[in-house]
Asks: 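My structure is below; once you've seen it, I'll send some questions.
Below, all heavy atoms of this structure are taken into account, side chains as well, without hydrogens, waters or symmetry copies. What you see is a predicted model, and the numbers here were worked out from it, not measured in a lab. Order of the sequence lines sets the chain letters (A, B, ...), proteins ahead of strands, with each chain counted from 1.
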Amino acid sequence: MSAAILVFAAAAIFGIGAYGLLISRHVMRKLLALNLMLSAVFLLLIVVPAPIGGQPDPVPQALVLTGIVIAVSTTAFALALMVRLFGKQGHASIPSDLDPRVWRGRWRNSRDGPDPERNGAGAASGDKP
Amino acid sequence: MTETILPWAIVFVMVNLVAGLSRAWKGPTDGDRMLTALLFGTTTVALLLLMAEWLGRPEIRIVALLLVLLATIVSLAFFGMPEHGENGDDG
Amino acid sequence: MADPAALVDPAGLVDPAGLVDLVALALLLAGCFFIFAGTVGMVRLPDVFCRLHAMTKADNLGLLLLSLSMALLAGTPRTALLLLLVWLLALLASTVSAHLIARHARTRLPPASGTRESEPES
Amino acid sequence: MSAQLLVDMLLGTLLAGLAGAVAFGRHLFRSIVFYVAFGLAMAVVWARLGAPDLALADAAIGAGLTGALMLVAFRRLVEIDPERAEDEGTRPTGAAAWIAVAVAVLVAALVAIVGLTALSIEPAPLPAGVLVMNALDETGLGNPITAVLLVFRGFDTLIEMVVLLTALVAARVVTSDAPHRSFTLVAEFDLPLVRTLVAVVVPLAVLVALHLLWVGADDPGGAFQAGSVLAGAGVALMLSGTLVPTARSRAPMRLAAVAGVAALSVLLVVPMPDGRPPLAFLGRGSLLFAEAAMMVSIAVTLSLLFAGAPGLRRGLQ
């Protein structure tokens with residue numbers, strides 16, 4: 001019963017993370033959302049297999065344990081990338097894949113230069129000190 | 001005692017945890033939000049200590065020890081956070 | 001929230017083990033009360049400084065009482081020492097954190113004007 | 001309703017609510033704070049589920065390291081340009097937002113269905129976990145997770161360590177031409193309280209890490225947990241200005257970063273020609289050696305990743 005509750009919680013967290021990943025444009029928000037989804041997966045990995053001797057199955061536990069450490073290291077790398085991106089383009093957003101305006105903008109971009117709807121930030125500002 | 005009352009104490013502490021979080025949402029300043037994280041940390045430690053007794057797993061106390069050891073680094077990282085764009089307005 | 005049947009056990013008052021349980025229960029309830037007080041302070045008080053003041057003290061007292069209760073229940077000196085260490089560290093952590101947060105907040109809004117501004121009655 | 005069920009429901013709701021608070025809402029800083037709280041709540045959930053190893057790792061990483069990492073990265077953005085640090089650009093609205101909601105609901109439903117189905121089907125007669133528990137005596141270890149990490153899936157762990165190292169190298173490439181700034185925040189003020197804190201917390205964290213390493217063979221603990229705790233201590237040292245990032249990396253640091261991969265590969269490969277299982281040729285001693293090397297590597301890698309710099313040196317304090 002409590003396993004089912006936590007499966008529902010994991011599903012909700014995964015869904016919320018997916019929503020955040022799709023809707024947000026700030027890289028850090030996307031990273032937070034990705035980390036949420038990751039936690040949901042970890043939770044599922046531990047909750048779903050049948051417990052052995054009152055403890056969760058040790059094999060997924062070992063996987064999740066390494067996963068937690070790997071997740072923080074990749075997050076650190078992604079954050080370093082984000083800071084560089086911010087310095088280069090003046091904002092830390094990447095266009096959302098869901099925005100039709102961005103689709104139009106991309107299409108126009110590929111045809112005739114930068115997209116005016118991005119406030120010129122993407123193209124105009126150089127590397128800030 | 002261990003069987004009957006501890007789980008209810010855990011529930012009570014958790015309800016407190018949730019209630020305290022409203023401050024992190026409302027703010028209004030960054031300091032308030034960090035303060036909630038601090039409160040969350042202390043209350044989580046209390047929760048873990050109760051759980052260690054309830055579940056009969058002494059290892060959980062080491063988890064609580066770790067939490068209090070390393071909880072401060074978030075405050076250290078926060079200290080002197082410069083003013084930023086939307087700081088101060090209610091959300 | 002307490003189950004009354006567990007308390008009025010007549011043997012509990014004579015039996016030293018039962019007495020320990022009773023003291024532990026009293027400490028547990030007191031700890032819960034102070035944690036509750038900390039939460040109320042957190043939610044209701046008007047500004048950062050007041051909230052800091054209320055929360056750090058009430059919560060750490062609550063944690064102390066809870067740790068004492070748990071130490072009594074566990075009943076081994078090793079656990080009691082570990083819980084004491086946890087509490088002392090929590091005290092240190094919240095002291096430093098509260099200091100840092102207060103200092104940070106003071107650079108933003110000077111305490112006097114800040115408090116007066118946000119006090120509900122003025 | 002039993003209190004146990006109530007605790008689980010509250011925990012589940014708390015987790016989902018915290019996740020929602022991270023993903024929704026406009027303030028990035030608030031999302032970061034809620035993410036820290038989410039990490040703490042995950043540690044509680046692991047403790048509740050009877051997985052203290054995970055709770056230890058998550059207490060060190062989720063509650064301390066990740067939060068500090070996010071805050072410091074956010075602070076860098078604010079330092080470069082406070083106006084645009086939280087700039088989201090235009091968020092999708094209208095149809096696009098509804099597509100996101102639909103996808104999220106669909107994905108969540110899928111996860112729930114898969115999870116519940118997996119819960120309801122009959123478990124395999126001999127899952128890997130049971131095999132591990134049955135063979136635990138042969139390994140001479142008491143902690144099945146350590147046994148899985150080092151004995152049964154040793155090569156897997158080796159690759160994990162390589163991934164960790166790769167992240168470090170990649171981050172170094174990314175930040176190579178960026179100016180290395182120290183964390184001047186707390187250090188600048190030289191607060192006596194912070195010095196006291198560091199003087200207490202860092203030795204204790206080292207002690208706890210060594211304890212976790214030592215008992216890891218039989219009780220909850222091990223290289224990953226101990227390494228995370230040490231990394232937390234390293235982060236505390238950096239934030240207080242005792243350690244300062246430098247542009248030059250010195251040999252001991254590099255050696256420490258590769259120690260885990262090196263020790264693990266030697267210990268995994270050397271016994272192979274004799275047909276003995278990996279890590280078997282020194283008994284428990286070799287396991288402890290491998291774990292110690294991994295602990296140092298994890299601690300140094302995570303600290304350097306946090307610093308965003310190739311090296312560290314002692315600060316002025």
Side-chain angles (χ1 to χ4, degrees), chain A residues 1-16 18-20 22-23 25-26 28 32-33 36 39 44 46 48 50 52 54-59 61-62 64-66 68-70 72-77 79-84 86-87 90-93 96 98-100 128, chain D residues 8-9 12 15-16 19-20 22-23 28 31 35 42 49-51 53-54 57-58 61 65-66 69 73 76-77 80 84 87-89 91-92 96 99-100 103-105 107-108 111-112 115-116 118-119 123 128-130 132-133 144-145 148-149 160 163-164 167 170-171 174-175 224 298 305 308:
Chain A
M1 189 59 211
S2 71
I5 293 170
L6 286 177
V7 165
F8 276 119
I13 297 166
F14 198 86
I16 289 167
Y19 174 80
L22 288 173
I23 204 89
R25 301 177 55 165
H26 201 290
M28 197 175 228
L32 285 169
L36 287 180
S39 294
L44 273 183
I46 297 301
V48 166
I52 296 165
Q55 288 205 29
D57 194 323
V59 178
Q61 273 200 65
V64 171
L65 184 59
T66 51
I68 290 173
V69 177
I70 298 294
V72 72
S73 67
T74 46
T75 304
F77 167 60
L79 286 173
L81 264 181
M82 177 195 73
V83 174
R84 293 293 286 163
F86 191 82
H91 59 92
S93 309
S96 160
L98 272 180
D99 197 340
K128 299 213 172 180
Chain D
D8 288 336
M9 283 176 67
L15 270 186
V22 173
L28 185 51
S31 294
Y35 188 73
M42 278 308 277
L49 287 172
D53 289 273
L54 299 181
D58 229 336
I61 287 181
L65 255 171
T66 318
L69 204 60
R76 289 255 158 90
L77 299 192
I80 297 174
R84 309 202 65 159
D87 183 20
E88 269 264 43
R91 276 196 170 200
I99 294 175
V103 170
V105 170
V107 162
V111 172
L116 291 179
L119 270 183
V130 172
V132 167
M133 296 306 267
I145 296 157
V148 171
L149 280 177
E160 308 267 19
V163 172
L164 212 58
V174 168
T175 53
F224 283 88
I298 292 167
L305 274 169

Asks: If you count heavy atoms of other groups shown closer than 6.0 angstrom to CZ of A:Phe8, is the number above 12?
Replies: no
Asks: Over all heavy atoms of both residues, which pair between A:Ser39 and D:Met42 is shortest? Give the atoms and the distance, please.
Replies: O-CE, 3.8 Å
Asks: Report the option among D:Val111, D:Val107, D:Asp53 that has the most heavy-atom pairs separated by less than 4.5 Å from atoms of chain A.
Replies: D:Val111
Asks: Counting heavy-atom pairs under 4.5 Å to chain D, which of A:Leu6, A:Thr75, A:Ile70, A:Thr74 comes out on top?
Replies: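 Option with the top pair count is A:Ile70.
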Asks: So which of A:Ala10, A:Ala4, A:Ala11, A:Ala9 has the largest heavy-atom pair count under 4.5 angstrom toward chain D?
Replies: A:Ala11
Asks: State, to 0.1 Å, how close D:Ser31 and A:Leu32 come at their nearest heavy-atom pair, and which atoms those are.
Replies: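 Taking D:Ser31 first and A:Leu32 second, the nearest heavy atoms are CB-CD1, 3.8 Å.
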Asks: Determine the option with the most heavy-atom pairs under 4.5 angstrom with chain A, choosing from D:Val148, D:Leu164, D:Leu77, D:Asp8.
Replies: D:Leu77
Asks: Please flag which part of A:Leu81 lies under 4.5 Å from any non-hydrogen atom of chain D: side chain, backbone, both or neither.
Replies: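 The answer is both parts of A:Leu81.
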Asks: Name the region of A:Ala33, side chain, backbone, both or neither, that has any atom closer than 4.5 Å to a heavy atom of chain D.
Replies: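 Looking at A:Ala33, nothing touches chain D.
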Asks: Between A:Gly20, A:Ala80, A:Ser73, A:Ala18, which residue shows the highest count of heavy-atom pairs closer than 4.5 Å to chain D?
Replies: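 Most heavy-atom pairs within the cutoff with chain D belong to A:Ser73.
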Asks: Calculate, to the nearest 0.5 Å, the distance between atoms CD1 and OG1 belonging to A:Ile68 and D:Thr66 respectively.
Replies: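 Separation between the atoms: 9.5 Å.
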Asks: D:Ala23 and A:Ile16: which non-hydrogen atoms are nearest, and at how many Å?
Replies: CB-CG2, 3.4 Å
Asks: For A:Pro58, which of D:Leu149, D:Ile145, D:Val130 qualifies under side chain to side chain contact (heavy atoms under 4.5 Å, CB included)?
Replies: D:Ile145
Asks: Can you name the closest pair of heavy atoms from D:Gly115 and A:Leu44 and give their distance?
Replies: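 Scanning both residues, the minimum pair turns out to be CA-CD2, 4.5 Å.
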Asks: Please identify, among A:Val69, A:Ile52, A:Val7, A:Val72, the residue contributing the most non-hydrogen atom pairs under 4.5 Å to chain D.
Replies: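 Highest number of heavy-atom pairs under 4.5 Å: A:Val69.
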Asks: Counting only non-hydrogen atoms closer than 4.5 Å, does A:Ile46 touch chain D with its backbone (N, CA, C, O), its side chain (CB onward), both, or neither?
Replies: side chain
Asks: State the CG-CD1 distance between A:Leu22 and D:Ile99, to the nearest 0.5 angstrom.
Replies: 9.5 Å
Asks: Which atoms of D:Ile61 are under 4.5 Å from chain A, going by heavy atoms: the side chain, the backbone, both sets, or neither?
Replies: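 For D:Ile61, the contact with chain A is made by the side chain alone.
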Asks: Shorter than 4.5 Å, heavy atoms on both sides: which option in D:Ala19, D:Ala118, D:Ala171 has the most such pairs with chain A?
Replies: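 Max contact count across the listed options: D:Ala19.
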Asks: Kindly give the heavy-atom pair with the smallest separation between A:Gln55 and D:Gly50, and that separation in Å.
Replies: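 What the structure gives for the nearest pair is OE1-O, 3.7 Å.
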Asks: Does any part of the side chain of D:Val163, heavy atoms only, come nearer than 4.5 Å to the side chain of A:Thr66, both counted from C-beta?
Replies: no
